Amino acid sequence: LQTLAGIEYFVSLEELVLDNNLLDDTVRFFYNPQMRILSINKNKVWETKHHSTPLLMPKLYCYKQITDLEHFLNEISLKLPGLTYLSLLGNPACPDQLSSSDHDEQDYRRYRSYVVHRMPSLRFLDSSAVRAQEREEAHQRGHYYRLIRLNSDSVRRLGNCLFGGVLEGAPNKNRDL
């Protein structure tokens with residue numbers, strides 16, 4: 001699946017498993033207060049790159065996934081208000097250690113706290129139940145764990161503000177990279 005077109009006709013849908021599809025940040029959900037379970041693990045959109053030499057095999061590159069946690073939570077919190085189970089494992093929006101060695105246990109803990117803060121009705125997130133201690137932390141600190149992604153223009157502006165000039169090595173849109 002690349003879209004959820006037509007799913008709005010399933011008005012009594014309570015469980016939706018969308019694992020291993022071709023969904024990305026552009027996925028749009030329909031309003032369904034009955035939906036309790038959403039699993040959207042390991043979604044990837046693949047692009048094939050062909051070589052100029054026809055004898056070589058084409059290469060597959062993964063270039064889109066569910067990456068924007070803030071946008072995704074905005075979408076599902078408005079359209080799936082009755083959700084009690086959510087799993088995002090295998091997507092960059094979920095910083096679990098199994099999918100990426102760039103993340104550690106603390107990244108995942110902060111992610112869980114933020115998601116539970118945003119969606120307090122969740123009873124199960126990814127591979128485990130939401131514990132009372134996690135719920136308390138989410139209530140107290142969850143709003144501080146929002147992930148902010150900076151693009152190169154934001155980094156340049158921050159460098160100008162903090163250091164009075166352009167940061168060395170920061171990409172410049174006026175020069176070739």
Side-chain angles (χ1 to χ4, degrees), residues 1-45 62-151 154-155 157-158 162:
L1 290 175
Q2 293 180 357
T3 72
L4 299 181
I7 204 161
E8 66 273 12
Y9 299 111
F10 295 91
V11 294
S12 299
L13 196 59
E14 292 183 14
E15 182 175 341
L16 186 57
V17 178
L18 296 169
D19 298 351
N20 299 305
N21 279 293
L22 302 176
L23 300 170
D24 63 12
D25 286 331
T26 63
V27 66
R28 295 293 171 263
F29 291 88
F30 61 98
Y31 181 76
N32 182 343
Q34 288 89 327
M35 180 82 67
R36 301 288 178 253
I37 297 171
L38 176 62
S39 179
I40 192 163
N41 298 316
K42 295 186 207 171
N43 274 269
K44 294 177 174 63
V45 176
C62 175
Y63 73 103
K64 285 187 179 178
Q65 292 179 301
I66 297 172
T67 59
D68 188 342
L69 182 63
E70 186 72 17
H71 172 75
F72 184 79
L73 292 176
N74 286 341
E75 178 77 7
I76 64 172
S77 63
L78 291 173
K79 302 213 178 134
L80 307 175
L83 209 60
T84 58
Y85 175 101
L86 173 64
S87 187
L88 285 167
L89 291 169
N91 292 291
C94 172
D96 65 296
Q97 291 174 290
L98 297 175
S99 300
S100 173
S101 61
D102 294 339
H103 302 291
D104 62 18
E105 191 175 316
Q106 293 302 315
D107 293 329
Y108 186 67
R109 184 185 60 75
R110 286 188 294 270
Y111 152 84
R112 283 183 65 89
S113 185
Y114 183 66
V115 172
V116 172
H117 165 73
R118 289 288 312 276
M119 302 190 70
S121 64
L122 285 181
R123 288 189 252 154
F124 204 92
L125 178 58
D126 298 327
S127 61
S128 62
V130 177
R131 298 182 321 272
Q133 179 183 353
E134 284 181 301
R135 198 168 298 287
E136 182 63 28
E137 180 181 356
H139 178 71
Q140 291 177 356
R141 295 184 202 94
H143 61 284
Y144 294 118
Y145 295 143
R146 178 178 176 203
L147 180 64
I148 299 172
R149 296 183 192 272
L150 298 176
N151 60 27
S154 298
V155 171
R157 284 193 302 273
L158 181 62
L162 294 176

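Sequence positions, counted from 1, serve as the residue numbers for this chain. Note that the coordinates shown come from a computational prediction; the quantities given were computed from them, not determined experimentally.
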For this session: Quick one: list whatever passes salt bridge (charged side-chain N to carboxylate O under 4.0 Å, His left out) with E137, sequence neighbours left out.
Result: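 Partners of E137 under the salt bridge (charged side-chain N to carboxylate O under 4.0 Å, His left out) test: R109.
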
Problem set entry | Which residues share a salt bridge (charged side-chain N to carboxylate O under 4.0 Å, His left out) with R110, sequence neighbours left out |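 Scan of R110 (salt bridge (charged side-chain N to carboxylate O under 4.0 Å, His left out), adjacent residues dropped) gives D107.
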
Exercise. Between Q34 and V11, does a side-chain contact (heavy atoms from CB on, under 4.5 Å) hold up when you go through it step by step?
Worked result: CA-CA 8 Å; Q34 288 89 327; V11 294; over 6 Å; no

Exercise. Is K42 atom NZ crowded by more than 12 heavy atoms from other residues, nucleotides or ligands, each under 6.0 Å away?
Worked result: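 Open.
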
What are the two closest non-hydrogen atoms of [X] and [Y], and how far apart are they?
X	Y	result
L18	N21	O-ND2, 3.1 Å
M119	L86	SD-CD2, 4.4 Å
I40	N91	O-ND2, 2.7 Å
S121	P81	OG-O, 4.0 Å
S39	Y85	CB-CE2, 4.4 Å

Does a side-chain heavy-atom distance below 4.5 Å link [X] with [Y]?
X	Y	value
R118	L69	no
N43	N20	no
T26	Q2	no

Problem set entry | Sub-6.0 Å ring centroid separation between Y111 and Y108 |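 Yes - the distance between ring centres of Y111 and Y108 falls below the 6.0 Å cut-off.
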
Problem set entry | side-chain contact (heavy atoms from CB on, under 4.5 Å) involving L13 - partner list, sequence neighbours excluded |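 Scan of L13 (side-chain contact (heavy atoms from CB on, under 4.5 Å), adjacent residues dropped) gives I7, F10, L16, F30, N32, M35.
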
Problem set entry | Non-neighbouring partners of H71 that pass side-chain contact (heavy atoms from CB on, under 4.5 Å), sequence neighbours left out |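 Applying side-chain contact (heavy atoms from CB on, under 4.5 Å) to H71 gives R28, D68.
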
Side-chain donor/acceptor of [X] to backbone N/O of [Y], under 3.5 Å:
X	Y	answer
R36	G82	yes
E136	E134	no
N41	D19	no
D126	L88	yes
R135	V116	no

For this session: Mind running side-chain contact (heavy atoms from CB on, under 4.5 Å) on V27 and T3 for me, showing each step along the way?
Result: CA-CA 6 Å; V27 66; T3 72; over 6 Å; no

For this session: Output the distance between atom CD1 (I37) and atom CG (L83), rounded to the nearest 0.5 Å.
Result: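 If I round to the nearest 0.5 Å, the distance is 8.5 Å.
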
Problem set entry | Partner set under ring-ring contact (aromatic ring centres under 6.0 Å, His included) for Y31, not counting sequence neighbours |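 Residues passing ring-ring contact (aromatic ring centres under 6.0 Å, His included) with Y31: none at all.
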
Exercise. Can you name the side chain to side chain donor-acceptor pair (under 3.5 Å) partners of Q133, sequence neighbours left out?
Worked result: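 Expected list: none.
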
